[in-house]
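A quick note: this is a predicted structure, and the numbers were derived from the prediction, not measured.
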Number of protein chains: 2
Amino acid sequence: MNDKRDGKVEQVVDTLRAEITGLVLVPGQVLSRPALQERFGLSSTPLRDALIRLEGEGLVEIRPQSRTTVSLIDLEAAHRAHILRRALDMEVAQLVLSADAGPTLDAMAAVLERQAQLLGPDDRDAFDALDTEFHLLQYLCVGMEELWRMTQARSGHINRIRRMNLAARDNTSRILEDHRAIHAALVAGDPAGVAQAVRHHLTRSANTVGPLREVNPSFFR
Amino acid sequence: MNDKRDGKVEQVVDTLRAEITGLVLVPGQVLSRPALQERFGLSSTPLRDALIRLEGEGLVEIRPQSRTTVSLIDLEAAHRAHILRRALDMEVAQLVLSADAGPTLDAMAAVLERQAQLLGPDDRDAFDALDTEFHLLQYLCVGMEELWRMTQARSGHINRIRRMNLAARDNTSRILEDHRAIHAALVAGDPAGVAQAVRHHLTRSANTVGPLREVNPSFFR
DNA sequence: CGTGATCAACTGATGCATCAGTATGTCCAT
DNA sequence: ATGGACATACTGATGCATCAGTTGATCACG
């Protein structure tokens, strides 16, 4: 990504990504390039760049000479993204143990407190943002922000599943419990405990799909 | 990546990537778009696509309105790629343990035998290809070829360091020894042993840079 | 009615001229 | 000698017309 070339393109990508993962633009929906050009005030080449970028994230499907659509949710891709996320969370947590992590552990504790005040189904967006912050802090602590951004760039399928699950069930207290276990193991400086807690959390975080697919079969590949 | 659009683009990317990682195109070298267009027989837009792709892999640096150069070797990026690789190798190895891995373990054993016949400094390209195969087999076994391709797409800096190290020292017997330990732990079905062997291998594989940088300081960021 | 062929409208990809920014060389002042 | 200003050549980005392929509607035939 190249800021001088891509400033406007990135804004378009961010906006469309949010609308796709927020299910404002639904799976299978056709995207009209002329309409997008007009909406975002850019011409064909930068819009093409933006759509190719989104295609790389698995969020849109460009059919040459034909049309561009919001991609259907691909469970295999979601699974791969989940494996990647788990692998990196495990590795980063071990690196945090070897790092000067005092300030990070403090910041993570503050996140836990804020999360504790948001338990329940009502403030899920805020809780979700804190969830992200809890994990991002670890990546930042060990200088791996770019790897975090990479996992996020591949999380479109997962994020859409999460979005569809939002109203279906409340798992905030379970997430908080897992986060607390991770934090405690990091504070204790226990490599095996950290590995176990992270793996446990990321394994439990695999989102259920069956019921969602029954309600919206056309959303899935 | 979109085959119908990108068939020719991918060929260009593959060729240039090989030349960059093989140090035929050296760090800092200016790439002339008109010359590349003529060489590969394509016009500005697909060549632009190819160069943007290579930029995404960290292999070229596109300076808007100015010029495009082969990227300097970035040690931080190399380190991140190495962390990613280690994390995924660890995760994939654990997945292999849970999989029906008989044929894969057999194929890996065959690779070990071929590697044993290539010890020493003379057939490093062939040894390297087998090294890749040894790891790729595990990813394929658990359906994670795409994640393997992702690690490779981020290995440009590492691969160039390896290339520069090729003539400097012979580590083939050490690599083979590590591979044998990984294979043995997989055969034994020992999760902890697998984790230890993979981590050991990937930690030992971090390539030395100091002497290379002294010989070719202009190659490094 | 079902199937296949044809055609026109539509879409994304490409080619290329123009635009926007960069880099270098030259000249001048200190 | 050094630094700044300026002009010019060069580069990559963009805009837009054209090209290449897709899709859906219509028609003909069995």
Side-chain angles (χ1 to χ4, degrees), chain A residues 1-17 19-20 25-72 156 218 221, chain B residues 1-17 19-20 25-72 156 218 221:
Chain A
M1 199 232 319
N2 193 320
D3 285 346
K4 280 204 183 158
R5 180 178 73 229
D6 290 336
K8 199 165 203 180
V9 170
E10 187 177 2
Q11 284 173 30
V12 173
V13 171
D14 287 346
T15 301
L16 291 179
R17 184 195 294 118
E19 292 183 6
I20 293 171
L25 296 172
V26 301
Q29 182 170 341
V30 173
L31 302 177
S32 155
R33 290 192 188 210
L36 291 175
Q37 281 174 230
E38 186 170 348
R39 175 180 168 194
F40 291 108
L42 67 172
S43 58
S44 64
T45 305
L47 176 66
R48 181 169 177 273
D49 287 351
L51 290 175
I52 289 175
R53 188 89 61 78
L54 288 165
E55 181 187 47
E57 297 191 16
L59 293 176
V60 304
E61 180 175 0
I62 299 171
R63 288 183 247 192
Q65 323 305 336
S66 178
R67 85 193 117 190
T68 296
T69 55
V70 176
S71 69
L72 302 181
S218 67
R221 166 154 283 155
Chain B
M1 199 233 318
N2 193 320
D3 285 345
K4 280 204 185 159
R5 182 178 72 231
D6 291 336
K8 200 167 202 178
V9 170
E10 188 180 358
Q11 286 175 26
V12 174
V13 171
D14 286 347
T15 301
L16 290 179
R17 185 196 293 117
E19 293 183 3
I20 292 171
L25 296 172
V26 301
Q29 182 169 343
V30 174
L31 301 177
S32 154
R33 292 192 186 210
L36 291 175
Q37 281 174 229
E38 186 170 349
R39 175 180 167 193
F40 291 108
L42 67 171
S43 59
S44 66
T45 306
L47 177 66
R48 181 168 176 275
D49 287 350
L51 290 174
I52 289 177
R53 188 89 60 80
L54 287 166
E55 181 187 47
E57 297 191 18
L59 293 177
V60 303
E61 179 176 2
I62 300 172
R63 288 182 247 190
Q65 324 306 334
S66 179
R67 86 195 115 188
T68 297
T69 55
V70 176
S71 69
L72 302 180
S218 66
R221 167 154 282 154

Protein-nucleotides 16-19 of chain C N/O pairs closer than 3.5 Å?
unit_1	atom_1	unit_2	atom_2	d
C:dC16	N4	B:S44	OG	3.3

For nucleotides 7-9 of chain D, give me every protein contact, N/O to N/O, under 3.5 Å, one pair per line with atom names.
none

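Atom P of nucleotide D:dT22 and atom CD of A:E61 are separated by 14 Å, given to the nearest angstrom. Per the geometry, CG belonging to B:L47 stands 17 Å off P belonging to C:dA13, to the nearest Å. When the P atom of C:dT14 is taken as reference, atom CG of A:D49 falls 13 Å away, rounded to whole Å. Following rounding to the nearest Å, B:R63 (CZ) and D:dA13 (P) show an atom-to-atom distance of 13 Å. With rounding to whole Å, A:L42 atom CG is found 12 Å from D:dA13 atom C1'. To the nearest angstrom, P of C:dT14 lies 11 Å from CZ of A:R33. Separating the CD atom of A:Q37 from the C1' atom of D:dT14 is a distance of 12 Å, rounded to the nearest angstrom. Summarising the geometry, the separation between CZ on B:R5 and P on D:dT22 is reported as 14 Å, rounded to the nearest angstrom.
At a threshold of 4.0 angstrom between heavy atoms, the contacts of B:L51 with the nucleic acid are absent. Among the protein residues, B:S32 comes within range of no part of the nucleic acid, since none of its heavy atoms lies under 4.0 Å from any strand.
Side-chain proximity of B:R48 to D:dG12, D:dA13, D:dT23: nearest is D:dA13. Side-chain proximity of B:S66 to D:dG12, C:dA23, D:dT14: nearest is C:dA23.
Taking CD from B:Q11 and CG from B:L16, the interatomic distance works out to 11.5 Å, rounded to the nearest 0.5 Å. Put simply, OG1 on B:T68 and CZ on B:R48 are 10.5 Å apart, with the number rounded to the nearest 0.5 Å. Separating the CD atom in A:E61 from the CZ atom in A:R67 is a distance of 9.5 Å, to the nearest 0.5 Å. Once rounded to the nearest 0.5 Å, the distance linking CD1 of B:I20 with OG of B:S71 reads 7.0 Å.
Shown here for B:R33 and B:L47, the closest heavy-atom pair between the two residues is O-CD2, 3.5 Å. Taking all atoms of both residues into account, the shortest heavy-atom contact from B:L51 to B:V60 is O-CG2, 3.6 Å.
Under a 4.0 Å N-O distance rule, the pair B:D49/B:K8 does not qualify as a salt bridge.
Put simply, the residue from B:Q65, B:R63, B:E55 that forms a side-chain contact (heavy atoms from CB on, under 4.5 Å) with A:R5 is B:E55.
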Go through the steps for B:V26 and B:V70 under the test side-chain contact (heavy atoms from CB on, under 4.5 Å), then give the verdict. CA-CA 7 Å; B:V26 301; B:V70 176; over 6 Å; no

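Ranked by how close their nearest DNA chain D nucleotide is to the 5' end, B:P34 and A:P64 are led by B:P34.
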